Each structure stands twice: as C-alpha cells, then as structure tokens.
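Comments concern the structure below.
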Amino acid sequence: MIHRFDALILGGGAAGLMCAIEAGKRGRRVAVLEHADRLGKKILISGGGRCNFTNLYCQPENFLSSNPHFAKSALARYTPADFIALVDKHRIPYHEKTLGQLFCDRSARDVLAMLEEECRAAGVSIFLNTKIQEVARDAEFVLRAANAEFRAPALVVATGGLSIPKIGATSFGYELARQFDLKIREPRPGLVPLVLEAEDRSRYCDLTGVSAEVIADCGGQQFREKMLITHRGLSGPAMLQISSYWKKPQQIQIDLAPGAVPTAVFNDPQTPRTLTTLRSEFRKILPARFADRWLELHAPALWTNPALAHFEQQAHGWSITPAGTEGFEKAEVTCGGVDTDELSAKTMESRKVPGLFFIGEVVDVTGQLGGFNFQWAWASGAAAGRAL
Ligand SMILES: Cc1cc2nc3c(=O)[nH]c(=O)nc-3n(C[C@H](O)[C@H](O)[C@H](O)COP(=O)(O)OP(=O)(O)OC[C@H]3O[C@@H](n4cnc5c(N)ncnc54)[C@H](O)[C@@H]3O)c2cc1C
C-alpha cells in the first residue's frame, strides 16, 4: 500500500509532533511515522513524570553546539512564551519550580495529550508501530516499511538521540544522515552521572545519598547547584550539568564551600588551631558525614597560615578526574549529532539534500538541564514545520 503526503516526519517525540502541528496548521498533509507503540514516551518520563517543558530564561548560552550561533534563529522565532501560550490555551496547570523551570502541576501526560490534540486539530496522520526498513530518494523520498510505502517530497528526521535505549532510542537518524553524506559530530552522553575511579569510589561512595551545594567547574564552565554522591560516583544537578562539558581525561574542580571561608575562624588568635575546630566549621557548610570524610583525607598537615591557605584552596577547588560516565542508559540527552554546518539555521533543511530536514536532539544542539532541551525540540520543530 502506498501513502502519499506533503511531508513525512520520522519520530513522534517532542520535536516531531511540534513540526507536524505547525505544518498541519499551514494546510500541509503530514504523517508522523513512529516505530514505538505510542507517541512521546520520553515526554511521559521527563521531569520525573511532570515534564519540565520550558525555561523562562532560555538564552542561546544555555545550549552546547560546535556552532554556538546555530540555535539562535530558531530559538528567537519560537520562544518559551509561545509554548506557554499553547499550555495556557489547553488550561494545563503548571508552576515554576526553580530557576525559571516550568513543570506541570499534575503530570507530563497533560503535555502529550495537548500535542496529540493539536495534531488532531491540524489533520496530522499518525502511524504507530511503523518500522522503516529503507529510505530512498528519487523525485521524492520513499520510505519502506514491512507492509507499506510512504512517499513525500519532504522528509523530517526527528528520531532523537541515543539516551535511554530501553524506551525506543535508535541511531536511525544518524545512519540516515550518513546515508545522505551529512557530517556527524560524535554522539556522547550528556546530563549524565559521573563514575569515579576505583580509589575515589572506595573513599567516598559509601556516603551514597549525601548531597551538598557546590560549584562544579570544567574548562571555565561553572554550575552552582546540588551535588549528590551515588554508589558509583557523583550526580545531582551540578554534576549532570558539568558532565555535558566534560571529556575524558579532563579534571573537574569542585568548590565545596561556595562563598564560605572555613578557615576564617582561625583569624582570631584566641581560637585553638585544631582539627576539632576546623571540623565544626566544615560541618556548618557540608553535611557532617561528608565534611568528616573529606577532612580525614585532606586535613591540613600543619596549622601554619600557609598550610591553612592551602587547605582553603583545596576546599574551593577539589579536583577529581572521573573514570567515565554512566553512559546512554542513564543519560538525559545526547550531545553531538548532525553537524549544524549541514543545516540551514532558519529551516533545519539540509544544505546538500533539498527536502531533508533534521530537528530536535538528533542535531548537534544540546540544552543544559532545566527545560532547555524541550525548548530546542519545540523551536527546531516549529522552524521546520513552518518551512514545509
Ligand atoms: C529521563 C529523561 C528526563 C528528561 N526530562 C527533561 C525535562 O524535564 N525537560 C527537558 O527539557 N528535557 C528533558 N529530557 C530531554 C528531552 O526528553 C529530549 O531532549 C527531547 O525529548 C528530545 O526531543 P526529540 O523529539 O528530538 O526526541 P525524542 O523525544 O526522543 O523523540 C524521538 C522519537 O523518535 C522515535 N524513533 C526513534 N527511532 C525511530 C525510528 N527508527 N523510526 C521511527 N521512530 C523512531 C522514538 O521512539 C521517539 O518517539 C529528558 C530526557 C530523559 C531521558
């Protein structure tokens, strides 16, 4: 059976659905081809089930890409306010959790239901359980599944990244890009917990569950947020954020006492220069178990002013060299992807292959933690949808 459309959208996640809605609203006959048994599985598990669907303070600086300018155009033409207007139209209750991050009050299901409703209103055709075996291009794109063939002059690839393979992530989008001779920036896990070397694991990982506010720094990129000790390493927002910027074998510097000066207490000559005093100061800044452990391993060798200054320096710049990350199984996003040099920043269309578009996470644009990845999915999806 042959199905003919104006545009085929491969992948029914955040970016694919937004693209379909925008194109459908403009009268295009579009089909979303999804290999899973339902749309938007990642939306459903996002934000702990409440979907952090955008960020009020979204700026191009919140994104990583080999070309930091690429995302600007799409982000400017579909803003957080545009998505909030859609959420308001559907009367979905939401709240700002922290740092401009907007979450559903009830459930991520609200966001998916809204997108499905918008697809229905825009006349979008949805094909679930549709596994494309082959993509060819003659006068138009031809996609072959087991029992059907889909044809259209435009093909939008919205198959996402490699993170969380167990809910349907595939490398299909990257393979398709290679098939059409488009460059790929090596995909790697982002927003992912870090694994420590064996020695550091034995030093700290029995403190699993302990968390502290820190500043994590890698290559000049800094995040002041919570760090969490896990049974294999470090996680929590500060470490997830910095993981996207980290590449083996770089070091990460961690300020364990942001804005505090634990040794200042010794400026008073009456204060005894002892480990007990330093421990009680350090416990004011860090959870007691972590403060005690860190002091056991880094206590000043002497109680002289230079030794105390050295200790202070270490507390504000604890250097760790992670062994690696927890990989795509635990990563929230995939960094890297289809090289932005290959695409028009305005429409997401391939420069080499007219009619072929790439949107969302499959492109080499990755958001920081906090609703930015969905904003990129909406913005890049809208950019392509308006160009179809
Ligand atoms: C646990 C978790 C929590 C997250 N929470 C947030 C959050 O709160 N806020 C935020 O901004 N971001 C969050 N993210 C990131 C965000 O979910 C993604 O960046 C976003 O979904 C990317 O949208 P996309 O449409 O490009 O890809 P996806 O949403 O991954 O959609 C891709 C779709 O393509 C389908 N597909 C794959 N291969 C094929 C194929 N061969 N044929 C047909 N279909 C295919 C997939 O089944 C999927 O439906 C989270 C990610 C994870 C893993």
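Excluded from the calculations below are hydrogen atoms, water molecules and symmetry mates; all remaining heavy atoms, backbone and side chain alike, are included. All of these numbers come straight from a predicted model, not from anything done at the bench. Both counts, for ligands and for their atoms, begin at 1 and track the order of listing.
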Considering only heavy atoms, does [X] approach ligand 1 within less than 4.0 Å through its side chain, its backbone, both, or neither?
| X | value |
| --- | --- |
| Leu33 | backbone |
| Ser46 | both |
| Phe372 | backbone |
| Ile164 | side chain |

Suppose I only count heavy atoms of [X] and a 4.0 Å limit; which atoms of ligand 1 are within that range?
| X | result |
| --- | --- |
| Glu361 | 18 (C), 19 (O), 20 (C), 22 (C), 26 (O) |
| Phe172 | 41 (N) |
| Ile45 | 1 (C) |
| Gly360 | 26 (O) |
| Gly13 | 25 (O), 29 (O), 31 (O), 33 (C), 49 (O) |
| Gly371 | 9 (N), 10 (C), 11 (O) |
| Thr170 | 37 (C), 38 (N), 39 (C), 41 (N) |
| Ala158 | 32 (C), 33 (C), 34 (O) |

For [atom], closest protein heavy-atom neighbour:
| atom | answer |
| --- | --- |
| atom 34 (O) of ligand 1 | Gly11 CA, 3.3 Å |
| atom 25 (O) of ligand 1 | Ala15 N, 2.9 Å |
| atom 27 (O) of ligand 1 | Gly160 CA, 3.4 Å |
| atom 52 (C) of ligand 1 | Glu332 CG, 3.4 Å |
| atom 43 (C) of ligand 1 | His35 N, 3.3 Å |
| atom 9 (N) of ligand 1 | Asn52 O, 2.9 Å |
| atom 47 (O) of ligand 1 | Glu34 OE2, 2.7 Å |

Note to self: Can you tell me how the ring of Phe127 sits relative to the ring of Phe5, calling it parallel under 30°, perpendicular over 60° and tilted otherwise?
What the structure shows: perpendicular
Next item on the list: Report the relative orientation of the aromatic rings in Trp303 and Phe266; use parallel for angles under 30°, tilted for 30 to 60°, perpendicular for over 60°.
Entry: perpendicular
Determine whether [X] and [Y] make a side-chain contact, defined as any pair of heavy atoms from C-beta on separated by less than 4.5 Å.
| X | Y | value |
| --- | --- | --- |
| Ile84 | Leu102 | yes |
| Phe150 | Thr130 | yes |
| Gln368 | Ser244 | no |

Next item on the list: May I ask whether Ile132 has any heavy atom positioned less than 4.0 angstrom from an atom of ligand 1?
Entry: no
Check: Given the rule that I, L, V, M, F, W and Y join up when any side-chain heavy atoms are under 4.5 Å apart, are Leu240 and Tyr204 in one cluster?
Finding: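 Shared cluster, no.
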Notebook entry, point to check: At their closest point, which heavy atom of Gly160 faces which heavy atom of Val362, and how far apart are they?
Noted result: O-CB, 3.6 Å
Notebook entry, point to check: Any luck finding a side-chain donor-acceptor pair between Glu312 and Thr263 under 3.5 Å?
Noted result: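 On atom types as modelled, these side chains qualify, holding a pair under 3.5 Å.
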Note to self: Heavy atoms only: which of Gly173, Ala14, Ala145 lies closest to atom 29 (O) of ligand 1?
What the structure shows: Ala14
Note to self: Given Phe127, Phe103, Trp376, Phe374, identify the one with the heavy atom nearest to atom 16 (C) of ligand 1.
What the structure shows: Phe374
Notebook entry, point to check: Can you list the steps and then say if Ser107 with Asp110 is a side-chain hydrogen bond (donor to acceptor under 3.5 Å, both in side chains)?
Noted result: CA-CA 6 Å; Ser107 158; Asp110 284 348; 5.7 Å; no
Next item on the list: Determine the sole option in Thr321, Leu234, Ile320 for which the side-chain contact (heavy atoms from CB on, under 4.5 Å) test with Ile252 is passed.
Entry: Ile320
Note to self: Before we go on, tell me: are the rings of Trp378 and Phe374 under 6.0 Å apart, centre to centre?
What the structure shows: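 Judged by ring-centre distance (under 6.0 Å), Trp378 and Phe374 do meet the cut-off.
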Item checked: Between Tyr94 and Phe103, ring centroids under 6.0 Å ->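 Distance test on ring centres: not under 6.0 Å, no.
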Item checked: Within 45° cone and under 6.0 Å: Arg279 NZ/CZ vs Phe282 ring ->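 The answer is no, since Arg279 fails at least one limit relative to Phe282.
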